[in-house]
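For reference, the structure discussed in these notes is given below.
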Amino acid sequence: MAKEIDVYIEGLNPLLADLRKLGKVANKELRDASKVIANRHMVPAWKDAALKAGGGWGEILANDIRAGSDRLPKVMIGKNKKVTRGGASSNMLRWPTDTGDKDGKKWGKNNTRVGSPAPFEKTNWIAKARAYQKPALQEWGEAVDRVVRKWPVM
């Protein structure tokens, strides 16, 4: 699965490489702090956006939003479990509910249409979940500083 990041942080990749030098215990501490940050700031923002702007699928999407474990605060949206009578999972609903895929169908081989016939209203709900960024990044920066002070590289 591809990783997506909502914000550009200059110098993030070198920082993460340097943090690897701190060892497993320090990185676990940073993962734990990042998960707390995600649960405090990100999960509520994403759930709120799904419920308020996710259209008819908002509640299903909100139910499958949770924090993940990583050195950066991480939110996972959707699961593979079937949640609709037609057999769609919340992973399958995430993108078209945001972009408004009109008929869910794509062109396949020999110009035949493939995919679900269910229409989706364009809600742009994903863009409405970004209010958490400043407080989450501030708190994450403080967590990194704590870990670096506690676990200096020798």
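Numbers here simply count residues along the sequence, with the first being 1.
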So, [X] side chain and [Y] main chain: donor-acceptor pair closer than 3.5 Å or not?
| X | Y | result |
| --- | --- | --- |
| Thr97 | Trp57 | no |
| Trp140 | Arg71 | yes |
| Arg94 | Ile77 | yes |

Is there a chain of hydrophobic side chains (I, L, V, M, F, W, Y, each step under 4.5 Å between heavy atoms) that links Leu30 to Val36? no

Same apolar cluster (I L V M F W Y, side chains within < 4.5 Å links), Met92/Trp95: no

Starting from the C-alpha separation in whole Å, work towards a yes-or-no answer on side chain to side chain contact (heavy atoms under 4.5 Å, CB included) for Arg66 and Lys79. CA-CA 10 Å; Arg66 65 226 177 267; Lys79 295 180 180 176; 3.8 Å; yes

Would you mind listing every side-chain hydrogen bond (donor to acceptor under 3.5 Å, both in side chains) that reaches into residues 81-90, with sequence neighbours excluded? Asp64-Ser90

Check against side chain to side chain contact (heavy atoms under 4.5 Å, CB included), Arg31 and Asp70: CA-CA 5 Å; Arg31 284 176 188 276; Asp70 203 340; 4.0 Å; yes

Where is the tightest heavy-atom contact between [X] and [Y], given as atom of each residue plus distance?
| X | Y | result |
| --- | --- | --- |
| Gly55 | Thr123 | N-CG2, 3.8 Å |
| Gly11 | Pro14 | O-CD, 3.3 Å |
| Ala26 | Val147 | O-CG1, 3.7 Å |
| Asn27 | Gly23 | ND2-O, 2.9 Å |
| Ala67 | Ala38 | CB-CB, 3.8 Å |
| Ala49 | Trp125 | CB-O, 3.6 Å |

Report the residues that fulfil salt bridge (charged side-chain N to carboxylate O under 4.0 Å, His left out) with Lys52, sequence neighbours left out, ordered by chain and then residue number. Asp48

Is there side-chain contact between Asn124 and Thr99, with heavy atoms separated by less than 4.5 Å? no

Can you check whether Trp46 reaches Leu61 side chain to side chain, under 4.5 Å on heavy atoms? no

The reported gap from NZ in Lys74 to OG in Ser69 (rounded to nearest 0.5 angstrom) is 7.5 Å

Find the distance between CG (Leu51) and NZ (Lys128) and round it off to the nearest 0.5 Å. 13.5 Å

Evaluate the criterion salt bridge (charged side-chain N to carboxylate O under 4.0 Å, His left out) for residue pair Glu29 and Lys150; output intermediate values, then yes/no. CA-CA 10 Å; Glu29 190 172 316; Lys150 185 175 178 182; 3.2 Å; yes

Assess the residue pair Val148 and Leu19 against the criterion (side chain to side chain contact (heavy atoms under 4.5 Å, CB included)); give the C-alpha distance rounded to whole Å, side-chain angles, the decisive distance to 0.1 Å, and a yes or no. CA-CA 8 Å; Val148 169; Leu19 289 173; 3.9 Å; yes

Taking atom CD of Glu142 as the centre, report whether more than 12 heavy atoms of other residues, nucleotides or ligands fall under 6.0 Å from it. yes

Would you please test Leu72 and Leu16 for side chain to side chain contact (heavy atoms under 4.5 Å, CB included) and show each step? CA-CA 9 Å; Leu72 291 169; Leu16 292 174; 4.2 Å; yes

Applied to residues 32-43, the salt bridge (charged side-chain N to carboxylate O under 4.0 Å, His left out) test, sequence neighbours excluded, yields Lys28-Asp32, Arg40-Glu139

